[in-house]
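Notes to accompany the following structure.
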Protein chains: 2
Amino acid sequence: MNKKEEILKIASKEFAKYGYKGVSLENIAKKANVTKAAIYYYFKNKFELYETILLPKIEELIDEIYSFNSDNPIEELNHYIHSYAKIFKKYPCFSSILAHEFVDNGRNFTENIIQKLSKIFNKLISILNRGIHQGIFEITNPFSVQLMIVSPLIMHQSTKNLRKRISKYIDIKIDSDIEDIANTISKKILKAILKE
Amino acid sequence: MNKKEEILKIASKEFAKYGYKGVSLENIAKKANVTKAAIYYYFKNKFELYETILLPKIEELIDEIYSFNSDNPIEELNHYIHSYAKIFKKYPCFSSILAHEFVDNGRNFTENIIQKLSKIFNKLISILNRGIHQGIFEITNPFSVQLMIVSPLIMHQSTKNLRKRISKYIDIKIDSDIEDIANTISKKILKAILKE
DNA sequence: TTAAACTTACTAAACAGTAAGTAAGGTAGC
DNA sequence: GCTACCTTACTTACTGTTTAGTAAGTTTAA
C-alpha cells in the first residue's frame, strides 16, 4: 500500500473515532509511519484530507438511495432505510463521522455537503408524500421520520463500546449486524407510520 | 448571580455546544467575566467542572424514571419516554452533552456514570420484559428500543441548527417542542412493539 | 489579622501549518 | 555515456497559537 492510501486509511479511522477537531495530524502521521509534512504533501490542509474521505461516501449514499424506483412507497421506504445500512456497513467510519458532525451541528459541513444531504432528505419527503397521497401513510413530520431512521443506525455504530461497558452491569447480549438493526427499524417505522 | 453559578451556567452551554474536549476553560472564563484561575479556585480541574454539571442531571433523570410505577407496561413505557423529554426540556444542555458523549463512546464517563446509566436502562428492560410476559409486546432487543427512544430525542436537540441549514434547500417547517417529539416517538414506538 | 475570593503571570504540552532541505530517479544536451 | 538539471516524494526542524494547569501574590470583608 502506498503512503497516500495508508494516510487515508488511518485518517478515516481517526476521524471516525475522534471527530474532525479531535483528530491530530501528528497522530495520524505516527500511525501511518510517515511524517506530518508528508500529509501536507498530499493534502492542502486538514480539511481537504477530511473532505477527501467524506465526500465520496455521501455521493455513494445518494447513488444508492436514488438507484431504486417504485410506485410502492412501502418498498421505497424500505430501500431508503437499507441504503443507509448498506453504505454504513461498507464504510463503518462514515456513520461515525456523520454522528460527530450531527452532534456538532455540521460545523465542518460546507454548503456543498449540506446541499447533498438535502438531496438525500428530499427523497424521503417524496416517499412520505406519495404514501400519504395514496392514503397508506399517516401524516408525519419528515424530520421526525428521518431522525427515527438515521439516528439509531448511526448511534448503533458509534455507541458500540459504550453498550459493551453497560452490558457489564446488565445481563444482555450485544446485538449483531447493522443490517439486522436496519431490518428492525424498517419494520418498526413502517408499522409506526402505516395507517391502520 | 455569583461567580460560581455564572461559571456553571456558561460552562453548561459550552459543554453542550462543543463537548468535553472541545471546550476551552479560557473561553468559559472570558464569557463569564472571570479569569481562568477563578475556575480553578472553585473546581479542581476541567473534569470536576464537567461532572458537577452532568451528574445531577443524570440523577434527576433516574428519579424521574423511577418515580412512576404501574402494572401497565404501556403506561410505563410512555412515562419512560416522557421522563427523558421532561429532563431534556428542563436542561437543554443535558441532551447535547449526552449526544457528544454517545458519539465519543462515553470517553469521559466514569464507572460511576456508567452504573447510573445502567440503572436507567434496567428500567426499560423490566418494562419490556413485563410487556412481553403479559403478551402485549413483541420480543425486541432492548438496546434497539433504547436507541430508538433516546437517539431521536437527543438528536432533535443537537441537530437544530443543521436542520435549519437544510431547510433552506427544502420547503419544510422546522418542528417545534421536544415534548411533541416525545409524543410522536412514544406513539410510534408503542405502535411498533405492540403485538397486533 | 486572617481567611475567602480571587488575579497576574507563568509553564509545559499539543496543535496546525510551513520553510528549507534532501535522496532517488528520470531527462536533456553534448 | 556522462554531466547538469529537474521533479517527485518526502524529512527535519521550526513558528505561532491554544491549551490545561499552577504558584505566588493581592484585594476585600468579617
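A note on names: the letters A, B, ... follow the listed sequences, proteins ahead of strands, and every chain is numbered from 1.
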[X] has an atom [atom1]; how far is it from atom [atom2] of [N], in whole Å?
X     : N      : atom1 : atom2 : answer
A:I7  : D:dA9  : CD1   : C1'   : 11 Å
A:K21 : C:dG17 : NZ    : C1'   : 16 Å
B:E48 : D:dA20 : CD    : C1'   : 15 Å
A:E26 : D:dT12 : CD    : P     : 12 Å
B:L25 : C:dC10 : CG    : C1'   : 17 Å
B:I28 : D:dG21 : CD1   : P     : 12 Å
B:L49 : D:dA20 : CG    : P     : 11 Å
B:E14 : D:dT19 : CD    : C1'   : 14 Å

- Apply the ring pair (Phe, Tyr, Trp, His ring centres under 6.0 Å) test between A:F15 and each candidate in A:F94, A:F47, A:Y50, A:Y91; give the one that qualifies.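 Option passing the ring pair (Phe, Tyr, Trp, His ring centres under 6.0 Å) with A:F15: A:Y50.
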Sub-3.5 Å pairs of nitrogen or oxygen atoms, protein against nucleotides 26-30 of chain D:
none

- Message: Quick check on contacts: within residues 35-46 of chain B, what sits under 4.0 Å from DNA chain C by heavy-atom distance?
- Response: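 B:T35, B:A37, B:A38, B:Y41, B:Y42 - these, ordered by number, are the residues of the stretch whose heavy atoms sit under 4.0 Å from the strand.
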- Item | Contact list for residues 18-33 of chain A, test salt bridge (charged side-chain N to carboxylate O under 4.0 Å, His left out), sequence neighbours left out |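 Listed by first then second residue: A:E14-A:K31, A:E26-A:K36.
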- Message: Any side-chain N or O of B:S24 below 4.0 angstrom from OP1/OP2 of D:dT18?
- Response: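 False: B:S24 side-chain N/O out of range (4.0 Å or more) of D:dT18 OP1/OP2.
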So, is the end of the [X] side chain (NZ or CZ) under 6.0 Å from the ring centre of [Y] and within 45° of the ring's axis?
X      : Y      : result
B:K123 : B:Y66  : yes
A:K116 : B:Y169 : no
A:R163 : B:F143 : yes

- Contact check, side chains of A:F137 and A:I74, non-hydrogen atoms, under 4.5 Å: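 Contact flag for A:F137/A:I74 side chains = yes.
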- Message: Under the rule for salt bridge (Lys or Arg N to Asp or Glu O under 4.0 Å), what residues qualify as partners of B:E138, not counting sequence neighbours?
- Response: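 Checked B:E138 against salt bridge (Lys or Arg N to Asp or Glu O under 4.0 Å); matches are A:K188, A:K191.
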Where do N or O atoms of nucleotides 22-25 of chain C meet protein N or O atoms at under 3.5 Å, pair by pair?
none

- Message: Any carboxylate oxygen within less than 4.0 angstrom of a Lys/Arg side-chain nitrogen, looking at A:K90 and A:E64?
- Response: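 Between A:E64 and A:K90 there is no salt bridge, as every charged N stays at least 4.0 Å from the carboxylate O atoms.
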- Message: Please check this pair: side chain of B:S186 against backbone of B:N183, looking for a donor-acceptor N/O pair closer than 3.5 Å.
- Response: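 Side chain of B:S186 to backbone of B:N183: no pair is present.
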- Check whether any side-chain N or O of A:H82 sits under 3.5 Å from a backbone N or O of A:N78 as a donor-acceptor pair, and report yes or no.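 Yes, A:H82 side chain to A:N78 backbone: donor-acceptor pair under 3.5 Å.
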- Message: For B:Y42, give me all partners under ring-ring contact (aromatic ring centres under 6.0 Å, His included), at least two apart in sequence or on another chain.
- Response: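 For B:Y42 there are no ring-ring contact (aromatic ring centres under 6.0 Å, His included) partners, ignoring immediate neighbours.
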